[in-house]
Amino acid sequence: MKIAIVSPDLYTYGSMVIGGILRDAGFDVTLTKNVDATPNADIILLSLYSTLHLLDNRIRDFASQCSKPVYVGGPVSAYPDIVLGELDVDAVIIGEGEESTLELLNNGISEDISGIAFRSDDEIVQTEPEPAKIERPLPLIPDDIENQSIRGANVYIETHRGCIGACGFCQVPKFFGTRIRSRSIEDIVLEIEEFKRCGVRRIAISGGTSSLYQYKKSVNVNAFIELLQAIAEVMGKRNVSVPDIRVDYVNEEMLHAIHDFTMGWVYYGIESGSDKILKTMRKGVNSEKNVYAIELAQQCGVKVAGSFIVGYPKETIDDYQLTKDLIEDTFLDDVFVSIAEPIPETNLSDLVLKTDDSENPTFVKHEGEYKALKLTESEARCFDLELHAQMCRSVPNVLTDQLYNACLFDARQQGSDVRAVTGLLQKYRRK
Ligand code: SF4
């Protein structure tokens with residue numbers, strides 16, 4: 001049977017993993033990023049990682065024009081009712097789809113398969129997903145993987161699944177669970193060697209938060225260091241990065257390992273300078289812990305990038321000012337700013353649904369210093385924080401017209417995307 005996996009615009013790691021499983025199970029599998037043509041296949045697996053994909057006309061047209069069955073998987077599968085409501089597809093493969101995909105392809109749609117959703121008459125039938133096995137065959141790696149760049153890496157690989165955090169804006173704990181399931185170093189190294197053989201030059205480690213590798217009641221420092229060392233031996237330290245470290249699950253020894261066996265950066269989800277907002281976000285840390293972790297990394301010679309979220313429900317101008325102050329005080333090496341995006345089925349999406357648009361910064365008109373730019377409050381904070389961060393970085397950037405316009409464009413784009421996602425959420429609001 002011919003199967004086409006379609007992963008719009010980029011080859012996600014998950015689509016490559018599923019491709020490898022199907023290849024080894026005897027299917028004739030192809031993997032493509034192209035949604036502008038219908039692939040020649042008996043069944044199409046559409047891999048979607050963003051809520052915005054459900055509103056993307058290219059993807060909506062692709063799904064409705066396919067004459068063959070289309071099954072959707074990926075992070076959007078956490079809200080199958082919205083997927084089935086928005087896209088003309090046959091089924092959704094919920095959560096970790098490795099095993100249910102095989103069953104679905106072998107047996108067709110049935111209530112006996114765990115972790116799928118489909119329409120039956122006017123109802124949506126949904127079966128409970130189960131965690132997949134963490135061991136699997138080598139992924140299906142496309143020939144042009146070397147041309148892909150996701151924040152500088154050709155691919156993000158998975159070392160473990162799950163996260164012990166409970167951040168309200170994140171879907172990882174619900175999607176992969178709160179128990180950490182780690183792959184063996186041998187499997188990870190074999191996979192990286194295969195990626196390298198196929199042309200990959202830069203690898204990043206994903207999987208919740210990197211330092212939770214082999215976590216069992218506490219952080220396993222030795223396993224984390226051994227992991228980095230093993231990956232660096234294959235790729236070379238300059239070609240390995242470990243994004244996404246929680247500030248409360250890192251110590252000096254681990255930071256030295258990041259310095260010695262990777263390109264030497266950590267990416268902390270700082271999110272806010274306000275303890276009140278950190279609590280609302282359920283981050284489980286306060287500002288003091290954030291600042292301590294930043295300074296510890298800097299003392300270990302590791303560069304620090306921080307990501308921040310603005311426009312969270314109930315974020316006041318004073319909360320926002322605390323975020324600006326933190327950025328000013330900490331001399332981060334890079335800063336990423338996002339407007340709070342309510343991914344369906346997260347705690348943030350519940351908060352947003354309880355917030356009237358007239359009080360939601362995503363919709364409230366900004367009346368302050370950027371009034372002439374006609375921004376929403378979230379957009380204005382995003383724009384202002386991006387400009388502020390450029391000037392407060394360890395090596396400040398000169399504020400050119402080009403940079404100013406790029407920050408403004410990004411803020412407007414994010415604002416428009418988050419409004420679209422919020423609108424979708426409101427459309428499917430549970431009565
Ligand atoms: S620590 Fe990271 S992966 Fe875990 S819940 Fe928070 S944001 Fe998500």
query: With distance as the sole test, does Arg23 use its side chain to make a donor-acceptor pair with the main-chain N or O of Thr30 at under 3.5 Å?
result: no

query: Does any non-hydrogen side-chain atom of Glu96 lie less than 4.5 Å from one of Pro129?
result: no

query: For the atom pair CG (Asp384) and CD (Glu369), what is the distance rounded to the nearest 0.5 Å?
result: 5.5 Å

- prompt: Just by distance, do the side chain of Asn154 and the backbone of Arg201 share a donor-acceptor pair under 3.5 Å?
  reply: yes

message: For Gly73, is there any backbone N or O sitting under 3.5 Å from a side-chain donor or acceptor partner on Ser77?
response: no

field: Side-chain donor/acceptor of Arg181 to backbone N/O of His160, under 3.5 Å
entry: no

- request: Report yes or no: do Tyr79 and Thr51 form a side-chain donor-acceptor pair below 3.5 Å?
  value: yes

message: I want to check something: taking the side chain as every heavy atom from C-beta on, are Ile93 and Val72 in contact at a cut-off of under 4.5 Å?
response: no

query: How about Thr346 and Leu351: do any of their side-chain heavy atoms sit closer than 4.5 Å?
result: no

query: Should the heavy atoms of other residues, nucleotides or ligands under 6.0 Å from NZ of Lys303 be counted, would the total exceed 12?
result: no

message: Keeping Tyr320 on the side-chain end and Leu385 on the backbone end, is there a donor-acceptor pair under 3.5 Å?
response: yes

message: For a 4.5 angstrom cut-off between non-hydrogen side-chain atoms, does Met263 reach Arg202?
response: yes

statement: dist Asp144:CG -> Cys198:SG (nearest 0.5 Å) comes out at 11.0 Å

field: NZ/NE/NH1/NH2 to OD/OE distance under 4.0 Å, Glu191 and Arg183
entry: yes

- prompt: After noting the C-alpha distance and the side-chain angles of Val364 and Asn360, does the key distance pass the side-chain contact (heavy atoms from CB on, under 4.5 Å) rule?
  reply: CA-CA 6 Å; Val364 170; Asn360 182 342; 5.5 Å; no

- line: Leu425 and Ser349 have their tightest heavy-atom pair at CD2-CB, 3.6 Å

field: Any donor-acceptor pair under 3.5 Å from Thr209 side chain to Arg246 backbone
entry: yes

message: Hydrogens and angles aside, do Gln413 and Asp417 bring a side-chain donor and acceptor to less than 3.5 Å of each other?
response: yes

query: What do you reckon, is CG of Asp401 surrounded by more than 12 foreign heavy atoms closer than 6.0 Å?
result: no

task: Could you verify whether a donor N or O on one side chain and an acceptor N or O on the other, from Gln426 and Asp357, lie under 3.5 Å apart?
output: yes

message: Looking only at side-chain N and O atoms, does Thr32 offer a donor or acceptor that is under 3.5 Å from a partner on Asn34?
response: no

query: What is the minimum heavy-atom distance between Glu345 and Ala78, and which atoms define it?
result: CG-O, 3.5 Å

query: Do the charged groups of Glu341 and Arg419 touch, with an N to O distance under 4.0 Å?
result: no

- prompt: Going through the checks in order, is the side-chain contact (heavy atoms from CB on, under 4.5 Å) test met by Ile150 and Val155?
  reply: CA-CA 7 Å; Ile150 312 167; Val155 66; 5.8 Å; no

- prompt: In Å and rounded to the nearest 0.5 Å, what is the NZ to OG distance from Lys33 to Ser7?
  reply: 9.0 Å

- request: For Asp356 and Glu359, indicate whether the former's side chain and the latter's backbone hold a donor-acceptor pair under 3.5 Å.
  value: no

task: Go through the side-chain N and O atoms of Asp244 and Tyr268 and say whether any donor and acceptor fall under 3.5 Å apart.
output: no

- request: State, yes or no, whether a side-chain contact exists between Thr101 and Ile21 at a heavy-atom distance under 4.5 Å.
  value: no

statement: All heavy atoms of Pro8 vs all of Val35, minimum pair found to be CG-CG1, 3.9 Å

- line: Of all heavy-atom pairs linking Ser182 and Ile134, the shortest is O-CG2, 4.0 Å

Return all side-chain donor-acceptor pairs below 3.5 angstrom for residues 371-378, not counting sequence neighbours, or 'none' if the list is empty.
unit_1: Lys371; atom_1: NZ; unit_2: Glu367; atom_2: OE1; d: 3.2
unit_1: Thr376; atom_1: OG1; unit_2: Glu379; atom_2: N; d: 3.2
unit_1: Glu377; atom_1: OE1; unit_2: His366; atom_2: ND1; d: 2.9
unit_1: Glu377; atom_1: OE2; unit_2: Arg381; atom_2: NE; d: 3.0
unit_1: Glu377; atom_1: OE2; unit_2: Arg381; atom_2: NH2; d: 3.3
unit_1: Ser378; atom_1: OG; unit_2: Pro361; atom_2: O; d: 3.2
unit_1: Ser378; atom_1: OG; unit_2: Thr362; atom_2: N; d: 3.3

message: Using ring centroids (six-membered ring only for Trp), state whether Phe383 and Tyr404 fall under 6.0 Å.
response: yes

- request: Could you please spell out the steps behind the side-chain contact (heavy atoms from CB on, under 4.5 Å) verdict for Cys300 and His259?
  value: CA-CA 7 Å; Cys300 295; His259 178 270; 5.7 Å; no

message: Do Leu212 and Cys163 have side chains that approach each other closer than 4.5 Å (heavy atoms only, starting at C-beta)?
response: yes

field: Contact check, side chains of Val421 and Pro342, non-hydrogen atoms, under 4.5 Å
entry: yes

message: For the OG1 atom of Thr323 and the CD atom of Glu315, what is their distance to the nearest 0.5 Å?
response: 6.0 Å

message: Parallel, tilted or perpendicular, judged at 30° and 60°: which one describes the rings of Tyr267 and Trp265?
response: parallel

field: Leu52 backbone acceptor or donor facing Ser50 side chain under 3.5 Å
entry: yes

message: I need the Arg161 CZ to Ser206 OG distance, nearest 0.5 Å.
response: 10.0 Å

- request: Report yes or no: do Tyr312 and Asp319 form a side-chain donor-acceptor pair below 3.5 Å?
  value: no

- request: Identify the heavy atoms of Pro313 and Thr355 that sit nearest to each other, and give their distance.
  value: CB-OG1, 3.9 Å

message: Could you check whether atom CG of Asp143 has more than 12 heavy atoms from other residues, nucleotides or ligands sitting under 6.0 Å from it?
response: no

task: Count the heavy atoms belonging to other residues, nucleotides or ligands that lie under 6.0 Å from OH of Tyr156, then report whether that count exceeds 12.
output: yes

message: Do the side chains of Lys133 and Glu98 get close enough for a salt bridge, i.e. N-O under 4.0 angstrom?
response: no

Asp187 bridged to Arg136 by N-O distance under 4.0 Å: no

field: Leu278 vs Asn290, side-chain contact (heavy atoms from CB on, under 4.5 Å): CA-CA, chis, key distance, verdict
entry: CA-CA 10 Å; Leu278 289 172; Asn290 277 334; 3.8 Å; yes

field: Stacked cation flag Arg151 on Phe336, 6.0 angstrom / 45 deg
entry: yes

message: I'd like to check Glu194 versus Arg197 (side-chain heavy atoms, cut-off strictly below 4.5 Å). Are they in contact?
response: yes

- prompt: Can a salt bridge be assigned to the pair Asp334 and Arg393 using a cut-off of 4.0 Å between side-chain N and carboxylate O?
  reply: yes

message: Does either side chain, that of Asn220 or that of Gln214, offer a donor lying less than 3.5 Å from an acceptor on the other one?
response: no

query: Judged by modelled atom types alone, do Gln321 and Asp325 share a side-chain donor-acceptor pair under 3.5 Å?
result: yes

message: Quick check against the 3.5 Å criterion: does Gln148 have a side-chain atom that pairs as donor or acceptor with the backbone of Tyr11?
response: yes

- prompt: Do the side chain of Glu271 and the main chain of Cys167 share a donor and acceptor less than 3.5 angstrom apart?
  reply: no

- prompt: Is any side-chain N of the basic residue among Asp275 and Lys283 closer than 4.0 Å to the acidic one's carboxylate O?
  reply: no

- request: Indicate yes or no: does Glu193 engage Lys196 in a salt bridge with an N to O separation below 4.0 Å.
  value: no

- prompt: More than 12 non-hydrogen atoms from neighbouring residues, nucleotides or ligands closer than 6.0 Å to CZ on Arg282, yes or no?
  reply: no

- request: State the CG-OH distance between Leu228 and Tyr213, to the nearest 0.5 angstrom.
  value: 10.5 Å

